[in-house]
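Notes to accompany the following structure.
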Amino acid sequence: MTDVQTGLSTLLKELKLRNKLPKNMDASKVGDRYWFVCHDQVQSGIISEDSTTGFSDDSNIALLKALSERVERLAFQSGYANKIKSCMTERSDGFAAYPLFYKDAETKARESALSEAVERYIWATWWDDEDIAFALQPISNFSEQNISAYVSLIKDQCSLEEIFVIHPKIENSNGLTVTILFGRLKTGGFVSGGACGSVGDLKQNLLRSLDELYRHGLAVKKIKLEHLEPATFYEKRLAYFGLGFGDHLIRKRLEAKGSKSVLLPSLEIDEQVHHELQDLFGVHRCHFENQPAFVGGALERLCL
């Protein structure tokens, strides 16, 4: 067994002993990528914000990602209930958990938390301010990243005509880049996905963005096939853009040729979060000063 397999096996046993395992851990394979979904209740509705997901080329890593996201949620919820200062926000943007059996897990949790905070700050600011410059390319321009097979599969399963890759201009990126994908559906409408990571790791940034785009694309397909009515704010925004009501807003944003860069402010929160499973997972929270709403604000913002 590899170190990751050994660590995962030990972690699963410990979570089971503490009655903290999710009741369901559903696995599937999409091309060469594994997809795990962890949840306690029967999946209903369009897209569940209570379930947690993990994608990876390695099935062990995919499950670890889904479990880590679950721990993030639990840490945020308990922290909010206990009025921990770093958790007193409406949503858990900028949270990250990392299994402690990894070397430098606390450092890696902080890096992941910062990446999520940067992604959401940059994406929201870029969408809201048409003066922010950006690079726009079709995903076919990135064929050298060896993602073409995954792109084709997603296009086919989600009925996508094209996928556009957006990189907003950042003044003080400190080696990070934010990748935003807008996928145009053949019947009209758009779905999105995004990620933040190292400038030198473009392939992983694209794959993580595609994972999210795929998840959203399947949800819109479900809305259409089952004639579902969106219930949550997340679902309503997904449906607004996925069913084509926001096409004019996307065209308007993509046609705006700004010249400004986003300037990241100082971090207002940058600390470890105490939680019930802190001997198994390190959890970190990063949150910028005046961090804009991501899943929030007006419905007509393609921030998902």
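Values reported hereafter were calculated over all heavy atoms of this structure, with side chains retained and with hydrogens, waters and symmetry mates removed.
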Starting from [Y], can I reach [X] by hopping between I/L/V/M/F/W/Y residues whose side chains sit under 4.5 Å apart?
X: Y214; Y: I166; answer: yes
X: V283; Y: L74; answer: no
X: V220; Y: L210; answer: yes
X: L206; Y: Y34; answer: no

Quick one: pull up CG in L249 and CZ in R251 and give me the separation to the nearest 0.5 Å.
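Between atom CG of L249 and atom CZ of R251 there are 9.0 Å.
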
Look up atom CG in L218 and atom CD1 in I47, then write down how far apart they are to the nearest 0.5 Å.
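One gets 9.0 Å once the value is rounded to the nearest 0.5 Å.
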
For Y98 and Y102, take the angle between the two ring planes, folded into 0 to 90°, and tell me which bin it lands in: parallel under 30, tilted 30 to 60, perpendicular over 60.
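Correct class here is perpendicular.
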
Relative to the ring of F182, is the ring of W126 parallel (under 30°), tilted (30 to 60°) or perpendicular (over 60°)?
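Ring orientation, 0 to 90° scale: tilted.
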
Note, [X] side chain near [Y] side chain (heavy atom, < 4.5 Å):
X: I139; Y: I147; value: yes
X: V118; Y: L264; value: yes
X: R208; Y: F55; value: no
X: I46; Y: K236; value: no
X: R18; Y: L277; value: yes
X: P22; Y: L67; value: yes
X: I180; Y: V165; value: no
X: L280; Y: L100; value: no

Could you give me the CA-CA distance, side-chain angles and deciding distance for D270 and R110, then say whether salt bridge (charged side-chain N to carboxylate O under 4.0 Å, His left out) is met?
CA-CA 8 Å; D270 182 10; R110 198 261 176 185; 2.7 Å; yes

Checking F288 now: which residues fulfil ring-ring contact (aromatic ring centres under 6.0 Å, His included) with it, not counting sequence neighbours?
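Scan of F288 (ring-ring contact (aromatic ring centres under 6.0 Å, His included), adjacent residues dropped) gives Y121.
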
Less than 3.5 Å apart, any donor N or O on the side chain of D211 or Y150 sitting next to an acceptor on the other?
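A pair is found: one side chain offers a donor N or O, the other an acceptor, under 3.5 Å apart.
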
OH of Y80: more than 12 outside heavy atoms within 6.0 angstrom?
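No, the 6.0 Å shell around OH holds no more than 12 heavy atoms from other groups.
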
Other residues, nucleotides and ligands only: do more than 12 of their heavy atoms fall within 6.0 Å of NZ on K257?
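Result for NZ/K257: enclosed.
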
Determine yes or no for a side-chain-to-main-chain donor-acceptor pair under 3.5 angstrom, with [X] supplying the side chain and [Y] the backbone.
X: S192; Y: L304; value: yes
X: N82; Y: S78; value: yes
X: E116; Y: G94; value: yes
X: H284; Y: A96; value: no

Working note: K20 + E276, criterion salt bridge (charged side-chain N to carboxylate O under 4.0 Å, His left out); need CA distance, chi angles, decisive distance, verdict.
CA-CA 10 Å; K20 293 296 181 182; E276 186 179 354; 3.3 Å; yes

